[in-house]
Amino acid sequence: MIDENRVEAGALSATGVPAERVLEEVRELRASDAPTHGGRLFAYVYDPAVPGLDELAAAAHRESAHVNGLDPTAFPSLLAMENALVGAAGRVLGAGPGTTAPDVVGSVTSGGTESLILAVKAARDAHPEIAAPRILVPSSAHAAFAKAAHYLRVALDVVPVSPDTLRPDPAAMAAAIRPETVLVACSAPSYAHGVVDPVAEIAAAAAEAGVRCHVDACFGGWTLPYLRRLGEPVPPFDFAVAGVTSISVDLHKYAYAPKGVSVLLHRDAALRAPQYFAYADWPGYTMINPVIASTRSGGPIAAAYATLRHLGDDGYLRLAAVTRDAVAGLADAVRAVDGLRLMAEPESTVVCFTATDGGPDLFVLVDELTARGWHTQPQLSYAGLPASVHLTVTAAVAPRVAEFGPDLTEAVAAATAAGPVRLPAELAALAGALTPGDLTPELVAGLAAGLGMGGEADGAPLPERMAVVNTLLDAAPPALRERLLVEFVGLLQRPTW
Ligand SMILES: *Cc1c(COP(=O)(O)O)cnc(C)c1O
């Protein structure tokens, strides 16, 4: 019998699609994505290129996908795997029996942003007597601190980094601590430039003021310790540093676990306590959540567990060595090209470069690299720092390094020949003069169309070349960049009926 009321919209098929065909659909959709494997993508994805690892992680994910982290007593498997991940992260970061941080505890979160939000929440809620709490970060701190401050209604104080070292002056950080400051944070390393902040000095200043100090090692927490063991001069940044009260490390970055797993560590259980949310004042189950989500899939946790067990300490040491050599090769390639210079000497797994005076337009260069199959990340100019190109380097890049130099040389030549993007005069004028408050939906739609975005008509929601979009954004102050991107992305995120 056919139901007259049968619905079909977007993902909901009318009659049910056979499994094989559904998988084909997913694969067809995936075909337009950036390549997650192959060592030519320098952001978003962390690939160790270890044969069989994807299959192992997927199998572990499948075993636990329907297990719910909501209640550790109902699913002790997840409790055990989470405790094992926290123990591993603690060990890698200078904690555990026999260290100066034997009482470290932690939580498994969905990602770095959640880890940082929870570090800020714990710090805020440890001080209910402070009516208007504040956190203090260097300007190079990850945007997730600003998100945490925004979500939690905590004020954000920012100390600018030096344009030369890309690090904050510890004395300036110390001087910026106020009576209402509940957390001081720094990065090991910063995402944008890959430099390690002066953690020991900043942590000492925070301890002196009686304030918590969080080290955001979301990016580098799983590589810096191994790079140090390989003989690299990695400054102290972990629990060995007195005054560091919490550290975050993303397992879905350099622990090479599939997406959805980060660890937030606290030096002791008392520091973690205000992170929890418990609620018994309703007729349902008493809710006790260490993290933001309540129902949580066991899939990512089991996949991370399998990844760590399989790669092991030796595996991570080997991958760090491979990655270090790839970083050195890419940095050499940048140094060899006229018109480019490194933003900083690489001290972790980031290569970040900018253009010298008379060098190529970086946004055009990024498009030229994309056209040659290299997916890099453009970074807009900001507060005295020039626009730059960011490369997150993972082990999978190593076999490709020799191909990068010649392509970079070619791309720079092509970008130089093409010259800088010239914004249509009316767009340039708009970017300079608009305030976020001026943006009406009509104006944004007009801008988006002018930039070749969101046009359903030509079937491509994004322009082939992004240089014009990046140039427009670069010409706008941060508040306008934010509004424009919210509007642009909002245009993309519309239901398919
Ligand atoms: C990636 C990153 C974050 C945010 O992590 P997500 O997993 O993307 O939420 C925070 N801090 C640093 C230094 C990072 O590299």
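Just so you know, ligand 1 is whichever comes first in the structure, and atom 1 is the first atom listed for that ligand. Everything quoted here is computed from the prediction, not taken from an experiment.
Going from atom NE2 of H214 over to atom CG of L136 covers 14.0 Å, rounded to the nearest 0.5 Å. For the atom pair CG (D164) and CE (M343), the distance works out to 10.0 Å, reported to the nearest 0.5 Å.
Side-chain atoms of L70 and S294, non-hydrogen and from C-beta on, do get closer than 4.5 Å to each other.
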Using residues 54-67 as the side-chain source, report each donor-acceptor pair under 3.5 Å to any protein atom, sequence neighbours left out, with the distance given to one decimal.
from : atom 1 : to  : atom 2 : distance (Å)
D54  : OD2    : H37 : NE2    : 2.8

For a quick test of your reading: what N or O donor-acceptor pairs under 3.5 Å do the side chains of residues 102-109 make, sequence neighbours left out?
from : atom 1 : to   : atom 2 : distance (Å)
S107 : OG     : Q275 : NE2    : 2.9
T109 : OG1    : G111 : N      : 3.3
T109 : OG1    : G111 : O      : 3.0
T109 : OG1    : S115 : OG     : 2.8

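Judged as a side chain to side chain donor-acceptor pair (under 3.5 Å), and not counting sequence neighbours, T99 has no contacts.
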Please produce the table of protein N or O atoms sitting under 3.5 Å from N or O atoms belonging to ligand 1, one pair a line, distance to 0.1 Å.
from     : atom 1 : to   : atom 2 : distance (Å)
ligand 1 : 5 (O)  : G112 : N      : 3.4
ligand 1 : 5 (O)  : D250 : OD2    : 3.3
ligand 1 : 5 (O)  : K253 : NZ     : 3.4
ligand 1 : 7 (O)  : G112 : N      : 2.9
ligand 1 : 7 (O)  : D250 : OD2    : 3.4
ligand 1 : 7 (O)  : H252 : NE2    : 2.8
ligand 1 : 9 (O)  : G112 : N      : 3.4
ligand 1 : 9 (O)  : T113 : N      : 2.7
ligand 1 : 9 (O)  : T113 : OG1    : 2.6
ligand 1 : 11 (N) : D216 : OD1    : 3.3
ligand 1 : 11 (N) : D216 : OD2    : 2.7
ligand 1 : 15 (O) : K253 : NZ     : 2.9

